[in-house]
Amino acid sequence: MASAPTTVTVTGAGGQIGYALLFRIAAGDMLGGSRPVRLRLLEIPQGVRAAEGAALELQDCAFPLLHDIEITDDPLTAFNGANIALLVGARPRGPGMERADLLAANAGIFGPQGAAIGAVAADDVRVVVVGNPANTNALIAAASAAPHVPADRFTALTRLDHNRAVGQLAELLEVPPGEIADVIIWGNHSATQFPDVSHAGLADGRSVLEALTERLGGADAATAWLDDVFIPRVAKRGAEIIEARGSSSVASAANAAIEHVRDEQLGTHRGWTSAAVVSRGEYGVPEGLVCSVPVVSRGDGEGYRVIDGLGFDARGRARFEASVAELVAERDAVRALGML
Ligand code: NAX
């Protein structure tokens, strides 16, 4: 007998990432080839027509796993019975907008959406926030869903940063991306993030640091490449994509969101991945902040678990602490506005 459909809510479904996401979800890329899905698409009124257009095309794909689609501008309708929610729609930074304005505008979106999730989502709901500033938006949504939904059901996306880091290493080391394990993105999904290879390894048994040292002709050259090329390139890859395409990352962002949910639901396989999760104080991160750390999932319904207790060198620790300080500042700015 076919299993009951999983209700997947996508916000910002009429936008670019939404358009790239919906077809892959409906094709079974996110939950596997035997789990039917029911899509609930949330848009603001101006975006509803675009979501309707995507729904017409979804119908034209006749995906066997796609049970039905509902499009709405009402969060209570969109999150009703949601098992999985991908919060993609957000307010972009407009001309002349200060950081505090951006945080406030998004708190005005993610607060009510979190409250709606708390009120009507399924008991097993899991939420990933993609819309920026993703970590702090997730913090606000989690706070607004409490006490009805445990905070650890909320995560934010840093899988795109993780995949970008793996892609850079694969290119330099001339190995397939699938042979690189245990890269970590620490901190905020922003330019302060710390992409860390100090625990990463290759399928041939070498550490990534050994392989970089061999490839670049010495440990100093490897360190210089990490500091001067790798870390800034990963952290600023979004801007590089905008410069090249004239538009921000879309397919790669949708792919990362699919992989984030897939691994959380079905399990990570070789090694760990990166996700921003609600801190319980691991690595000295203040409790409640949504911070990117290494995680694994067993695919047992318990979601991501933090790999705790890894070491940093002094420079790595300083980078991580700077990114955590930025998360604290974002949280405090939202608090000062009375929105948290
Ligand atoms: P688009 O502007 O194409 O789409 C956003 C959609 O959200 C629009 O259709 C808009 O109508 C809708 N929307 C706005 N407010 C809404 C609300 N209150 N409820 C429901 N829908 C709402 O942006 P897109 O390129 O799809 O990017 C979406 C978000 O992802 C942005 O915030 C972007 O910054 C963020 N990103 C996050 C990434 C990550 O790794 N965490 C990477 C990619 C991307 O930059």
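Atoms considered below: every heavy atom in the structure, side chains included; atoms not considered: hydrogens, waters and symmetry mates. Every number for a ligand or one of its atoms is a count from 1 in the order of the listing.
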N/O of [X] under 3.5 Å from N/O of ligand 1, yes or no?
X: G89; answer: no
X: Q113; answer: yes
X: T11; answer: no
X: S249; answer: no
X: G15; answer: yes

With the threshold set at under 4.0 angstrom, would you say P92 reaches ligand 1 through any of its heavy atoms?
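Contact check P92 vs ligand 1: negative.
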For H189, state whether at least one heavy atom is located under 4.0 Å from any atom of ligand 1.
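Per 4.0 Å heavy-atom rule, H189 contacts ligand 1.
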Show me the side-chain donor-acceptor pairs of residues 83-92 shorter than 3.5 Å, one per line, residues at least two apart or across chains.
residue, atom, partner, partner atom, Å
N83, OD1, T7, N, 2.8
N83, ND2, D124, OD1, 3.0

CG (D220) with more than 12 external heavy atoms under 6.0 Å
no
Which residue owns the protein heavy atom closest to [atom], what's the atom, and how far is it?
atom: atom 42 (C) of ligand 1; result: L160 CD2, 3.7 Å
atom: atom 43 (C) of ligand 1; result: A253 CB, 3.5 Å
atom: atom 11 (O) of ligand 1; result: E43 OE1, 2.7 Å
atom: atom 27 (O) of ligand 1; result: I17 CD1, 3.4 Å
atom: atom 16 (C) of ligand 1; result: I44 CG2, 3.5 Å
atom: atom 28 (C) of ligand 1; result: V88 O, 3.4 Å
atom: atom 14 (C) of ligand 1; result: A90 O, 3.7 Å

Regarding [X] and [Y], do their side chains bring together a donor and an acceptor under 3.5 Å, going by distance alone?
X: R237; Y: S249; result: no
X: H189; Y: S292; result: no
X: E326; Y: T192; result: yes
X: Q193; Y: N188; result: no
X: S247; Y: Q16; result: yes
X: Q113; Y: N137; result: no
X: N135; Y: E330; result: no

Report, in ascending order of atom number, the atoms of ligand 1 lying under 4.0 Å from any heavy atom of G12.
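Counting from 1, the qualifying ligand atoms are 6 (C), 7 (O), 12 (C), 20 (C), 21 (N).
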Under 4.0 Å from a heavy atom of Q16: which atoms of ligand 1 are those, numbered in the order shown and with their elements?
1 (P), 3 (O), 4 (O), 25 (O), 26 (O)
May I ask you to decide if the ring planes of F320 and F312 are parallel, tilted or perpendicular, using 30° and 60° as cut-offs?
parallel
Side-chain (D101) to main-chain (M97) donor-acceptor, under 3.5 angstrom
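Side chain of D101 to backbone of M97: no pair is present.
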Nearest heavy atom to atom 37 (C) of ligand 1: which of I241, N163, V130 does it belong to?
V130
Kindly identify the option in N132, I109, T158 whose heavy atom sits closest to atom 45 (O) of ligand 1.
N132
Mark whether atom 7 (O) of ligand 1 lies under 4.0 angstrom from at least one protein heavy atom.
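Protein heavy atom within 4.0 Å of atom 7 (O) of ligand 1: present.
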Taking atom CD of E259 and atom CG of L266, what is their separation to the nearest 0.5 Å?
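Taking CD in E259 and CG in L266, the distance rounds to 12.0 Å.
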